[in-house]
Amino acid sequence: MAEEYVQSLARGLAVIRAFDAAHPELTLSEVARSTGLTRAAARRFLLTLVELGYVRTDGRLFALSPRVLELGYAYLSGLSLPEVALPHLERLVAEVHESASVSVLDDGDIVYVARVPTTRIMRVTISIGTRFPAHCTSMGRVLLAWLPPADLDAYFASADLERRTSRTITSRDALAAELERVRAQGWAMVDQELEEGLRSIAAPIRDRAGQVVAAVNLSSHASRTTVDSARRDLLPPLLATAARVEADLHTTTGPHPSAL
């Protein structure tokens with residue numbers, strides 16, 4: 001693919017991705033440092049994006065403009081899953097008083113597509129589009145567990161099993177064994193592997209053909225939810241919610257994951 005790779009496009013997208021909830025405004029130097037570009041290159045990309053309307057500037061600080069939403073609209077406009085899942089997440093959160101989310105798998109990460117928070121329990125702000133490594137999240141474990149064998153082999157061949165806490169599984173053999181356990185029991189629990197104090201439990205969402213196309217989870221602070229209480233009090237309503245989302249999803253989409 002090297003001869004087909006357009007480096008300038010990749011660099012332009014990297015400039016857009018440099019902005020996030022924690023860094024909504026950046027200077028030229030900060031964009032260059034975040035992307036690894038020279039100041040001159042970063043300036044060219046930023047000014048091009050300003051000209052196209054995707055970035056605004058006051059002469060010193062740069063920020064994304066609402067027009068960047070157009071870049072994801074084509075995908076989101078066909079994504080019925082968030083619309084289907086949201087009322088069920090709201091019902092679940094009202095029942096258990098913990099934050100609930102739905103995510104999909106993308107290139108070794110989970111990507112949040114629907115979320116109903118309660119109190120903030122993580123150091124980072126989670127919003128639609130937030131990404132986390134799949135290997136240390138409950139939804140990631142679910143999505144990896146039901147990958148086709150060839151896709152799972154490809155994941156293991158390229159995955160960086162980063163250690164996020166002292167509890168994070170970083171061994172490929174240990175993760176493979178954990179994924180087998182997830183498949184056998186039908187759900188996943190992650191105990192403080194993504195962030196200290198965060199405990200989460202997740203279940204699969206299947207399309208009409210029975211393929212796992214998304215995952216739904218509940219997350220709680222470890223100080224108020226033990227592993228046993230999560231299994232006893234959170235798992236049953238979570239599984240019931242997954243079943244309700246699936247039932248609605250089957251009436252609104254076709255059998256192929258791309259219909260999501």
Quiz prompt | Single-linkage hydrophobic cluster, 4.5 Å side-chain cutoff, Val15 and Leu52 together | solution = yes

Quiz item: Do you know the tightest heavy-atom contact between Ala63 and Glu25?
Solution: CB-CG, 4.0 Å

Practice problem: Using a cut-off of 6.0 Å, state whether more than 12 heavy atoms not belonging to Arg206 lie near its atom CZ. | Solution: yes

Quiz item: So do the side chains of Leu249 and Leu81 get within less than 4.5 Å of each other, counting heavy atoms only?
Solution: yes

Quiz item: Does any non-hydrogen side-chain atom of Ile16 lie less than 4.5 Å from one of Leu71?
Solution: yes

Exercise. Give a yes or no on this: more than 12 heavy atoms of other residues, nucleotides or ligands lie within 6.0 Å of atom CZ of Arg244.
Key: yes

Quiz item: Looking at CD of Glu246 and OG1 of Thr241, how far apart are the two atoms once the value is rounded to the nearest 0.5 Å?
Solution: 11.0 Å

Exercise. Kindly determine whether Leu218 and Thr225 satisfy side chain to side chain contact (heavy atoms under 4.5 Å, CB included), including the steps that lead there.
Key: CA-CA 11 Å; Leu218 285 166; Thr225 304; over 6 Å; no

Quiz item: Under 3.5 Å, is there a donor-acceptor pair between the side chain of Arg172 and the main chain of Ala159?
Solution: yes

Quiz item: Any side-chain donor paired with an acceptor under 3.5 Å for Thr165 and Gln192?
Solution: no

Self-check item: Separation between CG of Leu64 and CG of Leu49, rounded to the nearest 0.5 Å
Solution: 8.5 Å

Self-check item: Min side-chain heavy-atom separation Arg115-Ser127 under 4.5 Å
Solution: no

Quiz item: Who pairs with Ser223 by side-chain contact (heavy atoms from CB on, under 4.5 Å), at least two apart in sequence or on another chain?
Solution: His221

Practice problem: Using only heavy-atom distances, determine whether the side chains of Arg60 and Thr27 contain a donor-acceptor pair under 3.5 Å. | Solution: no

Exercise. Measure the spacing between CG of Leu198 and OG of Ser220 and express it to the nearest 0.5 Å.
Key: 8.5 Å

Quiz item: Are Glu98 and Arg224 within salt-bridge range, i.e. N to O under 4.0 Å?
Solution: yes

Quiz item: Which one of Asp107, Asp109, Asp20 satisfies the salt bridge (charged side-chain N to carboxylate O under 4.0 Å, His left out) criterion with Arg131?
Solution: Asp109

Quiz prompt | Val245 side chain reached by Val216 side chain, heavy atoms, under 4.5 Å | solution = no

Quiz item: What do the steps show when you test Thr57 against Leu46 for side chain to side chain contact (heavy atoms under 4.5 Å, CB included), and what is the final call?
Solution: CA-CA 9 Å; Thr57 182; Leu46 283 168; over 6 Å; no

Self-check item: Closest contact, heavy atoms only, Leu37 versus Ala41
Solution: CB-CB, 4.3 Å

Practice problem: Go through the steps for Tyr54 and Thr48 under the test side chain to side chain contact (heavy atoms under 4.5 Å, CB included), then give the verdict. | Solution: CA-CA 9 Å; Tyr54 294 115; Thr48 300; over 6 Å; no

Quiz item: What closest approach, in Å, do Val116 and Leu89 show between heavy atoms, and which atom pair accounts for it?
Solution: CG2-CB, 3.7 Å

Quiz item: Can you name the nearest heavy-atom pair linking Ala202 to Val142, along with the distance?
Solution: O-CG2, 3.7 Å

Self-check item: Short side-chain donor-acceptor distance under 3.5 Å, Ser65 and Arg56
Solution: no

Practice problem: Rounded to the nearest 0.5 Å, what's the gap from OG on Ser138 to CE on Met189? Could you check? | Solution: 9.0 Å

Self-check item: same_hphob_cluster(Trp146, Val190) at 4.5 Å side-chain heavy-atom cutoff
Solution: no

Practice problem: Determine whether Val50 and Leu26 fall in the same hydrophobic cluster, where Ile, Leu, Val, Met, Phe, Trp and Tyr are linked whenever their side-chain heavy atoms lie under 4.5 Å apart. | Solution: yes

Quiz item: Looking at Leu105, Leu144, Leu143, which hits side-chain contact (heavy atoms from CB on, under 4.5 Å) with Tyr155?
Solution: Leu144

Quiz item: What distance separates Glu193 CD from Arg199 CZ, expressed to the nearest 0.5 Å?
Solution: 11.0 Å

Quiz item: With Glu178, which residues qualify under side-chain contact (heavy atoms from CB on, under 4.5 Å), at least two apart?
Solution: Arg141, Ile169, Arg181, Val182

Practice problem: Please assess His135 against Thr168 for the test side chain to side chain contact (heavy atoms under 4.5 Å, CB included), listing each intermediate value before the final yes or no. | Solution: CA-CA 9 Å; His135 73 283; Thr168 307; 3.8 Å; yes

Quiz item: To the nearest 0.5 Å, how far apart are CZ in Phe132 and OG1 in Thr137?
Solution: 8.5 Å

Practice problem: Considering non-hydrogen atoms only, spot the tightest contact between Arg164 and Cys136 and give its length. | Solution: CG-SG, 3.8 Å

Quiz item: Which pair of heavy atoms, one from Ala242 and one from Ala203, lies closest together, and at what distance?
Solution: CB-CB, 4.2 Å

Quiz prompt | same_hphob_cluster(Val227, Leu234) at 4.5 Å side-chain heavy-atom cutoff | solution = yes

